[in-house]
Amino acid sequence: MTASDALRRSRIPLADGQGAIPAVGFGTLIPDPVATKQATKVALEVGFRHLDCAERYRNEEEVGAAISEAIGAGTIRREELFVTTKLWNSDHGYEAALHAFEKSQRRLGLGYVDLYLIHWPVSQLRDESWRALVELQRRGSCRAIGVSNYTVRHLDELLGGSSVVPDVDQVEFNPFLYQEELLRYCEEKRIQLEAYSPLTRGHRLRDPVVLEVAKTYSKSPAQILIRWSLQHGLVVIPKSARPERIKENSEVFDFEISAPDMSRLDSLGENLHMDWDPTDAL
Ligand code: NAP
């Protein structure tokens with residue numbers, strides 16, 4: 001099987017039967033719109049079928065254009081793709097969230113979105129927003145719904161007020177921010193955890209343990225970090241704007257990190273947050 005086939009086939013079923021999510025997705029947090037479209041096209045050519053974008057990234061039109069060109073060229077079918085976007089903080093509340101989703105959907109140019117996430121647990125309004133996401137799923141406008149940057153406390157609160165369990169929680173996760181308690185909680189509740197900033201935004205790719213493990217498997221440090229998250233059962237969404245790295249980040253299905261090496265990587269936790277930290281979000 002080629003690396004591209006392995007990437008396309010590796011899917012994790014969602015607990016509520018709303019399809020399956022490709023285990024390695026392409027993160028699209030790229031500041032320049034032209035570069036975003038170009039990188040998304042490369043990612044699709046390489047075999048990525050899962051694209052992670054957000055209203056906040058101001059890139060839905062570019063990602064949507066790359067998708068529509070690939071579909072137009074006959075190289076990809078819509079059903080193969082898994083497209084995520086997110087509700088931004090200023091759009092919380094029931095009506096506001098419904099309206100924001102419509103705008104995102106229009107910018108993406110898609111008949112439905114595969115996964116819609118609450119980007120951040122905005123205080124007081126998040127429950128109303130969750131109700132809107134449940135309604136969007138009921139209407140079939142999005143297949144799966146979930147949250148992002150929710151801690152165990154935020155998830156507990158959500159589950160206390162709603163019978164609909166989020167399909168996904170997307171959080172910052174890598175060996176330097178190994179969130180074991182959250183992982184166990186999500187496994188128990190059957191919420192799929194997704195790892196953002198899985199490469200520590202490049203800041204720990206020269207860590208001596210990571211380099212040593214990489215040497216053992218003749219893989220790059222980035223591939224080791226992606227594989228580490230996969231072996232913990234997470235969906236992983238690395239970002240790169242460079243074609244050779246986009247390809248490298250997809251080639252993670254032809255090796256397995258041994259249990260002792262996993263333990264060494266597990267022990268690197270230092271509560272490193274490259275992005276925002278939701279621990280104290282009210
Ligand atoms: P990341 O994927 O951990 O790291 C991206 C950085 O690593 C870039 O600087 C990239 O540089 C570099 N890189 C990528 N592949 C590499 C490789 N093979 N070797 C060496 N360096 C490499 O960080 P991220 O973009 O923060 O996270 C990934 C995705 O998660 C985002 O794009 C976004 O979709 C999502 N995200 C979500 C949230 C949220 O709140 N839900 C927050 C942050 C991110 P080049 O581009 O120059 O290759």
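When a ligand or atom number is given, it counts from 1 through the structure's own listing order.
Every atom of ligand 1 is numbered from 1 in the order shown, and the set under 4.0 Å from a heavy atom of D52 is 33 (C), 34 (O), 35 (C). Near S240, the atoms of ligand 1 lying under 4.0 angstrom from a non-hydrogen atom of the residue are 14 (C), 15 (N), 45 (P), 46 (O), 48 (O). Each of the following atoms of ligand 1 lies closer than 4.0 Å to a heavy atom of A241: 45 (P), 46 (O), 48 (O). Residue contact check: Q170 has heavy atoms under 4.0 Å from atoms 37 (C), 38 (C), 39 (C), 41 (N) of ligand 1.
Between Y57 and W88, the ring centre distance reaches or exceeds 6.0 Å. When ring centroids are compared, W130 and Y94 stay outside the 6.0 Å threshold.
Of the protein's non-hydrogen atoms, I237 O, 3.0 Å is the one closest to atom 28 (C) of ligand 1. Scanning the protein for heavy atoms near atom 12 (C) of ligand 1, the closest one is R245 NH1, 3.9 Å.
With atom 15 (N) of ligand 1 as the reference point, the heavy atom nearest to it among V171, N249, I246, D275 is part of N249. If you check each of L199, N149, D169 against atom 40 (O) of ligand 1, the one with the closest non-hydrogen atom is N149. The residue among Y196, F26, W120 with a heavy atom at the shortest distance from atom 39 (C) of ligand 1 is Y196.
Q179 places a side-chain heavy atom less than 4.5 Å from the side chain of V171. F101 has its side chain out of reach of L87: every pair of non-hydrogen atoms, C-beta onward, lies at least 4.5 Å apart. The closest side-chain heavy-atom distance from L268 to V210 is below 4.5 Å. You'll find the side chain of I118 reaches within 4.5 Å of the side chain of S129, heavy atoms only. Side-chain contact between H119 and N149 is present, with at least one heavy-atom pair separated by less than 4.5 Å.
Remark: of the listed residues E60, E55, E61, E55 is the sole one forming a salt bridge (Lys or Arg N to Asp or Glu O under 4.0 Å) with R58.
Remark: ligand 1 and K86 share no N or O pair separated by less than 3.5 Å (distance only, no angle test). Checked against a 3.5 angstrom limit, the closest N/O atoms of P238 and ligand 1 fall outside it. Checked by distance only, ligand 1 and K239 come closer than 3.5 Å through their nitrogen or oxygen atoms. Looking at L29 next to ligand 1, an N or O pair under 3.5 Å apart turns up.
Here S197 has heavy atoms under 4.0 Å from ligand 1 in both its backbone and its side chain.
With Y217 as the aromatic partner, R227 does not meet the cation-pi criteria of under 6.0 angstrom to the ring centre and within 45 degrees of the ring axis.
Residues passing the side-chain contact (heavy atoms from CB on, under 4.5 Å) test with R204 are F176, T200, E270, L272, sequence neighbours excluded.
Heavy-atom distances between S220 and ligand 1 stay at or above 4.0 Å for every pair.
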